[in-house]
Amino acid sequence: MVFNGLVRYQPGNSAVIEPDLATEIPEPEMTADGKQTWTFQLRQGVMCHPGPQTESYELTADDVVYSLQKSATTERSAYAGEYAGMTFEKVDTYTVRITLDRPLSPTLFLPKVANYSGGFIVCAQAVEAMGDEAFKTHPVGTGPFMFQEYTPQTAIKLVAFDQYFRGAPKLAGVELRFMPDVSSRELGLQAGDLDVAEGLIEAQWVERINASGNLRADVFGVGEVSFLNINITKPPFDNPLVRQAIAYAISRDDHVALFNEPVAEPVYSVVPAQLLPGGLTREEAEERGVLFEQDIEKAKQLLAEAGYPDGFSIDLITSEMPTYRRNYEVLQAELAEIGIQVNLNVVAHATMHEQIRQDVNPIVIYVAWRPNADAFLTRFFHSDSIIMTGKAPDTNFSHYDKIDDLIEQARYETDPDRQEELWKQANEQVLRDVAAYPLLFTNQVYARSTAVDYGHELVSSLALYPQITELTTINR
Amino acid sequence: MAQAAATASALAGPRLISQRQRAWRTFRQNRTAVAGLVLIILIVAVALAAPLLAPADPTAQSIRMRLQAPSWANPLGRDDYGRDILSRVIYGTRVALQVGILSVLLGGAVGTAIGVIAGYFGGRIEAMLMRLVDILLSFPDLITGLLVVAVLGPGLGKLILAIGLTIAPRFARLAHGPTLSVKKRDFVEAARALGVGNGRILRVHILPNVLGELIVLGSLWTASAIRLEASLSFIGLGVPPPTPTWGQMIRDGTIYLTDAPLYAIGPGLALLITVLAFNLVGDGLRDVLDPRSRA
Amino acid sequence: MLRYILRRLLLAIPTLLAVLTVIFFIVRVAPGDPATAALGDYASAEAVAAMRERMGLNEPLWKQYLTFLADLARGDLGRSLITGKPISEQISFVLPYTVELAIAAIVVGLILGVPIGVITALRRNTLIDDIGRIVSLVGLSLPAFYLGIILMFVFAVKLGLLPSVGSAPFSNPGKHLQHVILPALALGLIETAYMARMTRSVMMGILSDDFIRTARAKGLTERMVLIRHALRAGLIPIVSLTGIFAISLIGSSVVVEEVFARPGLGRLMVGATKQRDYTALQSIMVVYSLIIIVINLMTDIIYTFVDPRVRID
């Protein structure tokens, strides 16, 4: 709402990328020495919000180059890794050229310059005047709403920026309140004190809200995938038979029923086929023999074959967040069926994130959205990403190292069809080794007063909440 | 006559047996207190006989039937994992009694001792003990819990310890004020003038005068302890799943207040009855202990 | 008296220091990392490492501790690790909301609890006593968030009398007060139970006490006996209990603050705990401990006014 990118995910549908600050999406060009360049023409007359120490001024190539360079600097950005091997230069006031050491397909490149995380274009003069630290709590950009006030743990207030280049917003402002309790959010909506509120990720909740007349619940993407990561180096899980037994003990449909369709849908590979190219559909998983439908007898038999006829017991921790806790608790009951006793401890969300990165859980259930198959596979299954011991420890909780080649081959494959097939092969291999077991993805659920019109159809939002744009209205 | 006897026993040493008998008589005459005692016995019986009373396995999930409305098979309906709510309420009695009773006994005993000793002796002992109490009071419940987890790790025993630690300084401060006021009263001064030892004065004169209110409050604190269990559970101090606890059930059930109202109301009612029972007995005990109401 | 207050405040310094030291180390030993919390789980390991460096978390612990104490001695509460803003700014914004809520809740507890206690003591072992008991225990058995939701449902959604969530600035007192009522009730009803049960117990002891009998013998009316002697003598435990409630209210109001989406110290504290915002947490604790020390001091001073037998020296 505060920032723009060179390109943007269409409001309400993050599957479509369209020009934002750029006038159009350029075609990449190759240089003689094998590099790839992308040249963006900027819109003219885009104005920056007035900052605490700066006046409003016109955004130019200088600001764009400054912003992207900031994102590429490790000390200043959490996303620097994404921008390695990229250089940014100003061609003229309204032209920016980006050069990539290794060519990337549009699918992998455009998100880096879109209006999300590292792709946000900031107003350079404001950042320079304020410093990075102060800028974090007082953002200055070019979007339809500008920052007004932030109260820690309570609220953020934004006001309309009348000089917004797509036209003045129809709303006077937006107040974002932090309210952790779902029941009070619902009552706040019913009492008319709130206009839009995050709901409960559950089909029953959606039905109830929609039955109440003056409220409407929207179910939209992007879906976050929940899946098991099994540490293939830790006994007894280093035995493939034990991992297979676990896979056969799980009922994917039961996990889905915790949330129910259309809020949740089953997935058959860690990359969700419904949402991203490179994932496996149910049919594809079945064809390739990696479906693993629940079969308690077979699971028990496999466990006995592995030398554990009476099962064993393990200690796991889970976050207190429902999407985690519920899946862990159902897993606990499923594994109890085949004689594996799970001692489950509930810990704070931050604690869980730290502990699982220190290899505390031999089975990690993770809930994540990643923008493409490459990000999913690299971060969860590339040997560099192995927690503690990898070259760049990330979230490879399985200690899996058997698809490095496939991932790298797919990353630099510029033919989309071949790229997709390579990703599918990688997914298949992960499943064959039962390094992971994909459960489901959960969509986002937000309720609103029927008086609220977002100004676009809500299909998916990368930010995980509905976008409020210059076209959003409230008609009471 | 009765008063003369009381004074005599206080000065000349209590005849324990007769005192105990009299106490039991006083308690027995209090019909509401006896009702409370009967309730407590029933609750303990429920906790012990949980496997016989519960219609279903409290941990058996059937996700497809989650949040199902009450029926003959599931009189309170099913929870968000499709588990039988009534069975979970029944089994939940076990944790509730452990957490409610043990943590309050622990916190109450330690806290009262600190408060009374500080108030009675005064001077440096008082300053030191009450500073300690102030330090303990300065930690909000959550931080005390965090502290215990960080040092000792999770588990039911540690949970009880953490809640006891939260409650103890409160008892200490509550015991401290009245002690200050009681110790200045004639009968204490008289006992001291007669050369009665400090330990005796504390036991015979101070404690009974202070204990009445503390017992009443302690009976209420059992409810707070049971509720605290739920709020500590999300920092890793709770009772690990799938063990049912009332606090956790009320917490989770609140989300489904309109879909499955009995999810929260069932354990809430159980908690109310338990606190009521403890409070009835607490009030009765208070009457027994209060030397003034013996007259 | 003034000397006593000064001495108590001086004595509070070691208490404060002990609390701070424990807090400082405990929050850092507890698992969880502010850099990960600040950046989200999407951030790469390098980014987290860079953030830790920038936050000064790689400095030796004793050095961080000394810096913290030195800043504190100069009256500087430092900056939040997560937002980079001065913590004093955040605290001074939320503190009035918290104090206001605590006072309102205590008023609710006293207004409802003391009369229920007195009446049930006078009508001991009658139906009125039983009803009073059950009514006050219902408030105690319901967790504050449950109570808050029910109150909100009845008064904001069904009756539309009061606002449901949020808060209004102090500059708009009418609207502002409307927002305090429901949260204060949700918190105060728990206290009511304690207050009512304890007042009853104290009153019963006093009513059978010698000086009340003397007063009655002197021919004072029942009402005079009640007001002049009984209530006054019962004040000590009530004052103690109020003091303790004031303390726990400030720490435990977080649930109600979250349900009603109010700003507040409890919320700030829990938020900082969740985000492992060490600097914010330890500074909030400084303020929190100071408040507790003041409340305890006030409680002890009030003793001397309500019961002349207690002398402080």
Side-chain angles (χ1 to χ4, degrees), chain A residues 73-82 117 131-138 150-155 175 177-181 183-194 197 347-355 357-358 360 366-370 375 379 385 387 390 392-395, chain C residues 30-34 36-51 53-54 79-80 82-85 87 89-90 93-94 145-146 148-149 152-153 156-157 160 162-167 255 257-264 267-277 280:
Chain A
T73 314
T74 310
E75 293 75 45
R76 303 181 70 186
S77 156
Y79 313 103
E82 305 266 309
S117 60
D132 282 3
E133 201 65 16
F135 190 78
K136 266 195 295 188
T137 50
H138 191 132
Y150 168 57
T151 338
Q153 319 291 354
T154 311
E175 184 175 339
R177 292 193 191 149
F178 307 123
M179 296 179 55
D181 189 83
S183 314
S184 70
R185 291 198 298 267
E186 187 183 331
L187 291 176
L189 268 179
Q190 282 179 2
D193 292 317
L194 301 174
V347 299
H349 194 62
T351 308
M352 180 205 73
H353 269 299
E354 190 192 29
Q355 301 266 301
R357 282 168 174 75
Q358 291 169 5
V360 168
Y366 209 79
V367 181
W369 159 255
R370 296 290 176 262
R379 307 196 60 170
S385 310
I387 48 169
D394 197 350
T395 46
Chain C
D33 169 45
T36 320
L39 295 174
D41 74 291
Y42 191 77
S44 66
E46 301 143 41
V48 171
M51 184 59 121
E53 182 65 44
R54 209 164 350 135
R79 285 166 180 276
S80 156
I82 307 287
T83 65
K85 283 188 147 187
I87 295 154
E89 232 173 64
Q90 304 182 357
F93 175 81
V94 299
F145 58 84
Y146 190 97
I149 295 291
M152 211 190 283
F153 182 71
V157 178
L162 291 164
S164 59
V165 294
S167 59
V255 176
E257 286 165 2
E258 284 188 346
V259 166
F260 288 95
R262 283 175 61 85
R267 238 180 134 182
L268 208 58
M269 184 151 57
V270 170
T273 311
K274 279 190 185 163
Q275 291 177 306
R276 300 292 186 264
D277 190 341

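Note on naming: letters A, B, ... go to the chains in the order of the sequence lines (proteins, then strands), and numbering restarts at 1 for each one.
Side-chain contact between A/Phe178 and C/Arg267: present, with at least one pair of heavy atoms (C-beta onward) separated by less than 4.5 Å. Here the side chains of A/Thr154 and C/Gln90 are not in contact, with every heavy-atom distance at 4.5 Å or above.
Taking every heavy atom of both residues into account, C/Ser164 and A/Gly188 meet most closely at OG-CA, 3.4 Å. The nearest pair of heavy atoms linking C/Ile149 to A/Leu187 is O-CD1, 3.4 Å.
Interface remark: of the candidates A/Met352, A/Arg76, A/Met179, A/Met179 forms the most heavy-atom pairs closer than 4.5 Å to chain C. Each of A/Ser77, A/Ala392, A/Ala155, A/Ser184 has some count of heavy-atom pairs under 4.5 Å with chain C, and the biggest count is that of A/Ser184.
Of the atoms belonging to A/Ser385, not a single heavy atom falls under 4.5 Å from chain C. C/Ala272 touches chain A through its backbone: at least one of N, CA, C or O sits under 4.5 Å from a heavy atom, while the side chain does not. Within the 4.5 angstrom heavy-atom criterion, atoms from both the backbone and the side chain of A/Ser183 approach chain C. Heavy atoms of A/Glu75 lying under 4.5 Å from chain C belong exclusively to its backbone.
Side-chain polar atoms of A/Arg177 and C/Ser167 form no donor-acceptor pair below 3.5 angstrom.
C/Phe93 meets the ring pair (Phe, Tyr, Trp, His ring centres under 6.0 Å) test with C/Tyr97; sequence neighbours excluded.
In this structure, CG in A/Asp181 is found 8.0 Å from CD in C/Glu258, a value given to the nearest 0.5 Å. Rounded to the nearest 0.5 Å, atoms CD (C/Glu89) and OG1 (A/Thr151) are 11.0 Å apart. Atoms CD and CZ, from A/Glu354 and C/Arg276 in turn, are 8.0 Å apart once rounded to the nearest 0.5 Å.
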Inset, instruction - Give the C-alpha distance, both sets of side-chain angles, the deciding distance and a yes or no for side-chain contact (heavy atoms from CB on, under 4.5 Å) between C/Met152 and A/Asp193. - result: CA-CA 12 Å; C/Met152 211 190 283; A/Asp193 292 317; over 6 Å; no
